[in-house]
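Notes follow the structure.
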Amino acid sequence: MKVLGVEFLRSAASAADFPRDPVPQLALVGRSNVGKSSLINALTRARVARTSAAPGKTRLLNLYLVRLPGPGLERVYLVDLPGYGYARGGARAASVFDALVGEYFAHAPWEGAARREPPAPSADRAAGRDPQARARPAGPAAAVLLVDARHPGLETDRAALDWLLRHDRPVVVVASKIDKLARAQRQRAEREWAAALNVPILPVSAVTGEGLNELWKRISRLLLSAPTERSVPPRAIPAPTTAATSPSSTSRRSRT
Ligand code: GDP
């Protein structure tokens with residue numbers, strides 16, 4: 001997939017910061033340090049997301065706007081979710097994700113003109129604002145669950161998949177860091193992953209680029225079947241609000 005451009009848009013701390021436009025959103029989900037930032041950079045062939053050797057501490061959603069050549073899919077938001085930590089065993093599906101992620105998935109994908117804020121309070125009307133015209137915050141259309149190829153069947157990853165499926169979003173499960181496994185280890189890991197999750201797993205590497213084209217194909221397929229800007233007249237599409245400061249400085253500052 002040829003990527004025309006990518007920019008860090010903003011970090012979201014609450015629903016007020018979720019996108020309100022028809023650009024489809026793809027949530028990237030996984031444990032801390034599984035390689036989500038590296039995957040965003042590899043998929044977009046840019047250094048837009050900050051990677052680190054230490055587990056991330058961010059509790060925010062980081063939004064990236066990616067421009068694609070189409071046809072059909074011209075823009076997509078990649079949404080990097082907070083990593084879900086290192087708890088071993090016994091993790092209940094419901095407690096894998098924090099409240100912000102729960103809130104994000106509670107928002108349906110953008111559904112066009114039917115999704116509007118409630119009628120304006122009279123003060124808003126008097127001030128000349130028109131919240132009728134303001135679309136509601138939208139949630140993810142689909143998700144990529146990233147798991148570490150070297151650690152098949154972790155309870156937290158299984159719980160995360162259950163959680164995503166219960167939230168009724170199409171999910172692609174991706175095994176990261178596949179370059180770290182020798183051929184025999186890799187075959188064993190792929191078997192164990194398939195048995196543990198009972199869904200197809202796509203092996204990828206942000207280092208060698210393995211699997212990335214196939215992942216873009218699967219992402220496109222999922223998002224093209226979701227509601228997108230294609231179904232909306234062009235004048236109804238609000239321009240995404242970009243951060244006022246440069247993408248990299250904003251992203252560093254806002255991710256603590
Ligand atoms: P995040 O916390 O999920 O965003 O993880 P990062 O993208 O920051 O990656 C965590 C560490 O794993 C970093 O040291 C990366 O360089 C490394 N890493 C990520 N993806 C790969 C990969 O595909 N192959 C290898 N060998 N290392 C990777």
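As a basis for the values below, the full set of heavy atoms in this structure was taken, side chains included, without hydrogen atoms, waters or symmetry mates. For ligands, and for the atoms within them, numbers begin at 1 and follow the listed sequence. The residues of the chain are indexed from 1 along the displayed sequence.
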Open item on the list: Against Gln25, only a single residue in Tyr77, Tyr104, Trp110 fulfils side chain to side chain donor-acceptor pair (under 3.5 Å); can you say which?
Closed with: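 The option that passes is Tyr104.
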- [ ] From the options Gln187, Arg188, Arg186, select the one residue that forms a side chain to side chain donor-acceptor pair (under 3.5 Å) with Glu190.
- [x]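 Testing each of Gln187, Arg188, Arg186 against Glu190, the sole residue satisfying side chain to side chain donor-acceptor pair (under 3.5 Å) is Arg186.
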Nitrogen or oxygen atoms of [X] and ligand 1 under 3.5 Å apart:
{"X": "Leu39", "value": "no"}
{"X": "Ser37", "value": "yes"}
{"X": "Ile178", "value": "no"}
{"X": "Asp80", "value": "no"}
{"X": "Val34", "value": "yes"}

Open item on the list: Less than 4.5 Å apart, side chain to side chain, heavy atoms only: is that true for Glu210 and Ile178?
Closed with: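 They are in side-chain contact.
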- [ ] Indicate yes or no: at least one non-hydrogen side-chain atom of Arg31 is less than 4.5 angstrom from one of Leu154.
- [x]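 Counting from C-beta outward, Arg31 and Leu154 do come under 4.5 Å.
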Task: Donor + acceptor pair across side chains of Tyr64, Asn41 (<3.5 Å) - done: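 Not at all, the side chains of Tyr64 and Asn41 share no donor-acceptor pair under 3.5 Å.
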Open item on the list: We want to know whether Thr208 and Asp179 form a side-chain donor-acceptor pair, criterion being a heavy-atom distance below 3.5 angstrom.
Closed with: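 Asp179 and Thr208 do not have a side-chain donor-acceptor pair below 3.5 Å.
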Open item on the list: With heavy-atom distances below 4.0 Å as the criterion, list the atoms of ligand 1 near Asp179.
Closed with: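 The list of qualifying atoms is 22 (C), 23 (O), 24 (N), 25 (C), 26 (N).
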Open item on the list: Quick check on Ser205 - does any of its heavy atoms sit under 4.0 Å from an atom of ligand 1?
Closed with: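 Contact present.
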TODO: Run down the list Arg50, Lys180, Arg150, Arg31 and name the one with the heavy atom closest to atom 27 (N) of ligand 1.
DONE: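 Heavy atom nearest to atom 27 (N) of ligand 1 belongs to Lys180.
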